[in-house]
*Asks:* 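Below is a structure I'd like to ask you about.
Remember, it's a predicted structure, so these values are computed and weren't measured experimentally. By convention in this document, chain letters (A, B, ...) are assigned in the order of the sequence lines, proteins followed by strands, and residues within each chain are numbered from 1.
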Amino acid sequence: MLTTRPRGTADILPGQVEKWQYVESVAARVFRDYGYREIRLPIFEHTELFIRGVGEDTDIVEKEMYTFKDRGGRSITLRPEGTAAAARAYLENKLYAGPQPVKLYYSGPMFRYDRPQAGRYRQFHQFGVEVFGSHHPAVDAEVMALVMDFYGRLGLNDLELHVNSVGCPNCRPGVRRALQEYFRPSLEELCPNCKNRYERNPLRILDCKSERCAELAKTAPTTVDCLCPDCEQHFLQVQQYLRDLGVPFVLNKSLVRGLDYYTHTAFEIMAPDIGAQSSVGGGGRYNGLVEACGGPSIPGIGAALGIERIILAMENRGLIPAIKAGPDVFLATAGDEPAREGFKLLAELRAAGVASDMDYQGRSLKAQMKYAAKVEALYTIILGEEEMGRGCVSLRDMAAGSQREVARQDVIKVLKELLNGCCD
RNA sequence: GUGGGUGUAGCUCAGCUGGUUAGAGUACCAGAUUGUGGCUCUGGGGGUCGUGGGUUCAAAUCCCAUCACCCACCCCA
């Protein structure tokens, strides 16, 4: 073999791809039901967009971007996430000049140079939704409700929605001060990582999984304790709207999102059984993002859902529906003359919307039957010298194992009746 | 970037105290059944034993390096 696929990428083969199509069709339906319209964005953007939009101090920008120079010397980056690009498109196309809010969804590949593991890939796929132009707390609740509704429609009813508020630029300094004061006496007990975080981003200590840090973090002040009156009010309203909608959630004061642009609401949906990477989706409000991209001060909120992880969770719970992948009809022939006639009949079947196939390998009738069973054809048409002589074909129901003769000119009509009766 | 595990047939794996021609199951192809799938039986094709180097009379087996995959840390979808 000349080469293999790059690390952290996957070939989604027939048999697997049907699962994706199923999840995608449910997603499109949910988004439509909630009034979101699709937007298709570039797979790569100017590097600058992510540095400004995602934040210089994030892991994504510091070490995970696929960045290269194109032939014109521009620095280009394969998108590591979708929100920054959506904000760019909103701005660039002046969507703020139309009716607000603007509700968008997209899906597609994202790229992060991470070490792959269960549920984590270098090219992975997300659904994303973004709402620009509203700071109403009901919109926060709507986005979370949409996400949970989507999981529910897939049968994922046991996922936990964790919600928190990370405050706004007004309350952030207070949080930082409170945390540093709290951790100062026990600074030496923190893990090396958190000692670093103490100065750079003390919020992250709350999220640490190392035992001692987690123990200390339990009684630490949180963002919620330090919210300014506006933020507190917003957060209380978001929770009330969630209760009004009957969306269960857990208040998780240690939930911290890594991307710089988040303000106010932050949330994450967990599936504890799909490996260490248990987040199947997450999002939050980003009221500073559009402005950070050089536009007017326009609020926004969004969510990103990991398709691979959703499928993992569904597989673990046996939620993938059986999807018929075989043809409606396999046309088996015996003899040269019937093979030529069959080739014409095949074209007629297809033109009539009957998914059908025949053998081109010159196999024996027996082998053709075996193949038809293997590819799970619903029916097999057998066309040999005998049938040719009588102007008919033999029609075999593969599941039942029963067989009858049908006049050649009636085959399509009979098949369409049979297929409509059982499938549609 | 760090740590652990695993690399032998398309797939799942055995063989690994070094020793004839590297095996099984399954899948694939064919035959038993000269026009009929699922069951059974028989046969066949298919392997640079991840790659490179070393030790040895002899390496799938021992040593080193390297690559890939898996899992975990970090972080996140």
*Asks:* In Watson-Crick or G-U wobble terms, both distances under 3.5 Å, what is the partner of B:C62?
*Replies:*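 Across any shown strand, B:C62 pairs with B:G54.
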*Asks:* What's the gap between B:A58 and B:U20 when it is taken at their C1' atoms, as a whole Å value?
*Replies:*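 B:A58 and B:U20 have their C1' atoms separated by 12 Å.
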*Asks:* Could you state the CD1-P distance from A:Ile274 to B:A72, rounded to the nearest angstrom?
*Replies:*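 Distance, rounded to whole Å: 10 Å.
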*Asks:* Given atom CZ of A:Phe111 and atom C1' of B:A77, what is their separation to the nearest angstrom?
*Replies:*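 Atom CZ in A:Phe111 sits about 14 Å away from atom C1' in B:A77.
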*Asks:* Rounded off to whole Å, could you give me the CZ-to-P distance for the A:Phe267 and B:C76 pair?
*Replies:*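 Rounding to the nearest Å, CZ of A:Phe267 and P of B:C76 are 15 Å apart.
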*Asks:* Can you measure A:Gln277 atom CD to B:A72 atom P for me and round it to whole angstrom units?
*Replies:*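 Between P of B:A72 and CD of A:Gln277: 7 Å.
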*Asks:* If you assign each of A:His125 and A:Ala118 to its closest nucleotide in RNA chain B, which residue comes earlier from the 5' end?
*Replies:*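 Here A:Ala118 is the residue nearer the 5' end.
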*Asks:* With both distances under 3.5 angstrom, what nucleotide forms a Watson-Crick or G-U wobble pair with B:C73?
*Replies:*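 Base-paired to B:G1.
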*Asks:* Using the side-chain contact (heavy atoms from CB on, under 4.5 Å) rule, pick out the option among A:Ile310, A:Ile311, A:Val280 that qualifies with A:Ile274.
*Replies:*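 By the side-chain contact (heavy atoms from CB on, under 4.5 Å) criterion, A:Ile274 pairs with just one of A:Ile310, A:Ile311, A:Val280: A:Val280.
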*Asks:* Can you check the A:Arg115 CZ to B:U2 C1' distance for me, whole Å?
*Replies:*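 Atom CZ in A:Arg115 sits about 8 Å away from atom C1' in B:U2.
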*Asks:* List every contact pair, protein side and nucleotides 6-12 of chain B side both N or O, where the distance is under 3.5 Å.
*Replies:*
none

*Asks:* Which listed nucleotide (B:C76, B:G1, B:C71) is nearest to the side chain of A:Gln117?
*Replies:*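 Of B:C76, B:G1, B:C71, B:C71 is nearest to the side chain of A:Gln117.
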*Asks:* How far does the P atom of B:G43 sit from the matching atom of B:U51, given to the nearest Å?
*Replies:*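 Each nucleotide's P atom is 31 Å from the other's.
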*Asks:* What distance, rounded to whole Å, do you find between the two C1' atoms, one in B:G45 and one in B:G7?
*Replies:*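 Their C1' atoms lie roughly 25 Å apart.
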*Asks:* Less than 4.0 angstrom from a charged side-chain N to a carboxylate O is my criterion; do A:Asp328 and A:Arg350 meet it?
*Replies:*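 Looking at A:Arg350 together with A:Asp328, the answer is no, because their closest N to O distance does not fall below 4.0 Å.
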*Asks:* Could you state the atom-to-atom distance from CZ of A:Arg309 to C1' of B:A77 in whole Å?
*Replies:*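 Between C1' of B:A77 and CZ of A:Arg309: 4 Å.
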*Asks:* Search all heavy atoms of A:Ser134 against all heavy atoms of A:Arg285 and return the closest pair with its distance.
*Replies:*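 Closest approach of A:Ser134 to A:Arg285, heavy atoms only: O-NH1, 3.0 Å.
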*Asks:* Summarise protein proximity over nucleotides 30-41 of chain B in one line of letters, 5' to 3': B for base, S for sugar-phosphate only, - for none, counting protein heavy atoms closer than 4.0 Å.
*Replies:* S--B-BBBB---
*Asks:* Before we go on, tell me: are the rings of A:Phe330 and A:Tyr371 under 6.0 Å apart, centre to centre?
*Replies:*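 Ring-ring flag for A:Phe330/A:Tyr371: true, centres closer than 6.0 Å.
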*Asks:* Return the value, rounded to whole Å, for the distance between atom CD of A:Glu62 and atom C1' of B:C76.
*Replies:*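 To the nearest whole Å, that distance equals 14 Å.
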*Asks:* Could you check A:Glu268 against A:Pro6 and say which one's nearest nucleotide on RNA chain B is further toward the 5' end?
*Replies:*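 Looking at RNA chain B, the more 5' nearest nucleotide goes with A:Pro6.
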*Asks:* Please measure how far the C1' atom in B:U17 lies from the corresponding atom in B:C11, and state the result in whole Å.
*Replies:*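 Straight-line distance between the two C1' atoms is 31 Å.
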*Asks:* If I pick the P atom on B:U2 and the same atom on B:A59, what distance separates them, to the nearest angstrom?
*Replies:*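 34 Å, rounded to whole Å.
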*Asks:* I'd like the P distance from B:G19 over to B:U61, given in whole Å.
*Replies:*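 The answer is 10 Å between these two P atoms.
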*Asks:* How far does the C1' atom of B:U8 sit from the matching atom of B:U48, given to the nearest Å?
*Replies:*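 Here B:U8 and B:U48 have their C1' atoms 12 Å from each other.
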*Asks:* State whether A:Asp273 and A:Arg317 are salt-bridged, where the test is any N-O pair (Lys NZ or Arg NE/NH1/NH2 against Asp/Glu carboxylate O) under 4.0 Å.
*Replies:*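 Looking at A:Asp273 and A:Arg317, the cut-off is met.
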*Asks:* Using the C1' atom as the reference point in each nucleotide, state the distance between B:G23 and B:C49 in Å, no decimals.
*Replies:*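 About 12 Å, rounded to a whole number of Å.
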*Asks:* Enumerate the residue pairs fulfilling salt bridge (Lys or Arg N to Asp or Glu O under 4.0 Å) with a member in residues 14-38 of chain A, sequence neighbours excluded, ordered by first and then second residue.
*Replies:*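 Applying salt bridge (Lys or Arg N to Asp or Glu O under 4.0 Å) to every pair that reaches into residues 14-38 of chain A, excluding sequence neighbours, yields A:Lys19-A:Glu315, A:Arg29-A:Asp33, A:Asp33-A:Arg153, A:Glu38-A:Arg40.
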*Asks:* Whom does B:C16 pair with, Watson-Crick or G-U wobble, provided both distances fall under 3.5 Å?
*Replies:*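 None - no nucleotide pairs with B:C16, as no candidate has both distances under 3.5 Å.
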*Asks:* Send over the distance from A:His162 NE2 to B:C76 P, rounded to a whole Å.
*Replies:*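 Those two atoms, NE2 and P, are 15 Å apart.
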*Asks:* Report yes or no: is there a donor-acceptor pair, N or O only, under 3.5 Å between the side chain of A:Arg120 and the base of B:C71?
*Replies:*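 No, the side chain and the base share no sub-3.5 Å donor-acceptor pair.
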*Asks:* Mind telling me whether A:Tyr360 and A:Phe343 have parallel, tilted or perpendicular rings, with 30° and 60° as the class edges?
*Replies:*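 Perpendicular.
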*Asks:* Relative to the ring of A:His136, is the ring of A:Tyr241 parallel (under 30°), tilted (30 to 60°) or perpendicular (over 60°)?
*Replies:*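 If you compare the ring of A:Tyr241 with that of A:His136, the planes turn out tilted.
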*Asks:* Return the nearest nucleotide to the side chain of A:Arg7; candidates are B:C73, B:A77, B:C69.
*Replies:*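 Within the option list, the nearest is B:C69.
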*Asks:* Let's test this: given Watson-Crick or G-U wobble pairing with both distances under 3.5 Å, identify the partner of B:U6.
*Replies:*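 When the pairing criteria are applied, B:A68 turns out to be the nucleotide that pairs with B:U6.
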*Asks:* Measure the CE-CD distance between A:Met358 and A:Gln368 for me, rounded to the nearest 0.5 Å.
*Replies:*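 A:Met358 atom CE to A:Gln368 atom CD measures 7.0 Å (nearest 0.5 Å).
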*Asks:* So, for A:Tyr34 and A:Tyr105, is the gap between ring centers shorter than 6.0 Å?
*Replies:*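 Centroid distance A:Tyr34-A:Tyr105: not below 6.0 Å, so no.
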*Asks:* Do we see a donor-acceptor contact under 3.5 Å between the side chains of A:Glu130 and A:Thr83?
*Replies:*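 Short answer, yes.
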*Asks:* Across all strands, who's sitting opposite B:G37 as a Watson-Crick or G-U wobble pair, both distances under 3.5 Å?
*Replies:*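 With both distances under 3.5 Å required, B:G37 matches none.
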*Asks:* Any base atoms under 4.0 Å from A:Gly119, or only sugar-phosphate, or nothing? Heavy atoms, all strands.
*Replies:*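 Base contact - A:Gly119 has a heavy atom under 4.0 Å of at least one base atom.
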